[in-house]
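Take a look at the structure below.
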Amino acid sequence: TQTVSQSDAHVTVFEGDSVELRCNYSYGGSIYLSWYIQHHGRGLQFLLKYYSGNPVVQGVNGFEAEFSKSDSSFHLRKASVHWSDSAVYFCAASPNNYAQGLTFGLGTRVSVFP
Amino acid sequence: DMKVTQMPRYLIKRMGENVLLECGQDMSHETMYWYRQDPGLGLQLIYISYDVDSNSEGDIPKGYRVSRKKREHFSLILDSAKTNQTSVYFCASSYSNERLFFGHGTKLSVL
């Protein structure tokens, strides 16, 4: 069984700041990793994913994430946040066998102030 | 149009009543999911459906059942709802496990 940990429950930043959201996973085999964003009152929306290849993956709206096998991590970054980036961000993992669905972390709430 | 539609958006039921949550998708995705989202617990997987009449329990299936008679529709049924089933329920679909498309959610309150 895989687990996903997001160490920060809430992050506060100012517009134009950079932000990094941490995600660590535990799983012994091949794994898909992804990030989703949830704006208030809405469903989750896909940001980016990693399975293999270049450990730095680019997503929508300037987000990128870096996979590290040695650290069992998949941290999400953005160089310059906008007020519209205020949302809850979820890291998710799934094994190579898609029959088990996605396991989500508890989420990190990002508040962006002007 | 790449959309997952959930109905209703809000629902209030009394304990013991039956509840039907509906979900539709227009992408012909084979796999569909039901999750519930609770504060402090994140998203928990209730059921997965791999295609019509091919359903599998997720992590928390107790108290729920599902129905999938058409590829584009996936229903979640609560027979005799309980107060601890008050939650926000999300339906999702995917072509593979790499990316899920989520609906806007149904906020269910069981009184």
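Numbered from 1 within each chain, the chains take letters A, B, ... in sequence-line order.
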Flag if over 12 foreign heavy atoms under 6.0 Å of [atom1], [X]:
X       : atom1 : result
B:Ile12 : CD1   : no
A:Arg42 : CZ    : no
B:Arg71 : CZ    : yes
A:His10 : NE2   : yes

Note, B:Tyr35 side chain near A:Leu44 side chain (heavy atom, < 4.5 Å):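 Result no, sub-4.5 Å side-chain heavy-atom pair not found.
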Using a 4.5 Å cut-off on heavy atoms from C-beta on, say whether the side chain of A:Leu102 contacts that of B:Leu45.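 A side-chain contact under 4.5 Å is absent here.
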Which pairs, with at least one residue in residues 15-94 of chain B and sequence neighbours excluded, count as a disulfide (SG to SG under 2.5 Å)?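 Sorted pair list: B:Cys23-B:Cys91.
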Chain A contact via B:Gln44 - which portion, at a heavy-atom distance below 4.5 Å: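 Neither part.
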Checking heavy atoms, do the side chain of B:Phe101, its backbone, both or neither come under 4.5 Å from chain A?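 For B:Phe101, there is no contact with chain A at all, as no heavy atom is under 4.5 Å.
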Closest heavy-atom contact between B:Phe90 and A:Gln38?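 Nearest pair, atom of B:Phe90 first, then A:Gln38: CZ-NE2, 3.3 Å.
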Residue pairs involving residues 37-46 of chain B (criterion salt bridge (Lys or Arg N to Asp or Glu O under 4.0 Å); sequence neighbours excluded):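 Only B:Arg36-B:Asp38 qualify under salt bridge (Lys or Arg N to Asp or Glu O under 4.0 Å).
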If you round to the nearest 0.5 Å, how far is NE2 of B:His104 from NE2 of A:His39?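 These two atoms lie 12.5 Å from each other.
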Interatomic spacing from CG in B:Leu43 to OH in A:Tyr36 - rounded to 0.5 Å: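 Rounded to the nearest 0.5 Å, the CG-OH separation comes out at 10.5 Å.
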Side chain, backbone, both or neither: which part of A:Gln6 has a heavy atom under 4.5 Å from chain B?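 Contact with chain B is absent: no heavy atom of A:Gln6 under 4.5 Å.
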Largest heavy-atom contact set with chain A, pairs under 4.5 Å, which of B:Gln6, B:Gln37, B:Arg9, B:Lys107: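 When all of B:Gln6, B:Gln37, B:Arg9, B:Lys107 are compared, B:Gln37 has the most.
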Check for me whether the distance between the ring centres of A:Phe46 and B:Phe102 falls short of 6.0 Å.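 When the ring centroids of A:Phe46 and B:Phe102 are compared, they turn out to be at least 6.0 Å apart.
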B:Met32, B:Leu78: one ILVMFWY side-chain cluster at the under-4.5 Å cut-off?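 Yes, because B:Met32 and B:Leu78 connect within a single hydrophobic cluster, where side-chain heavy atoms sit under 4.5 Å apart.
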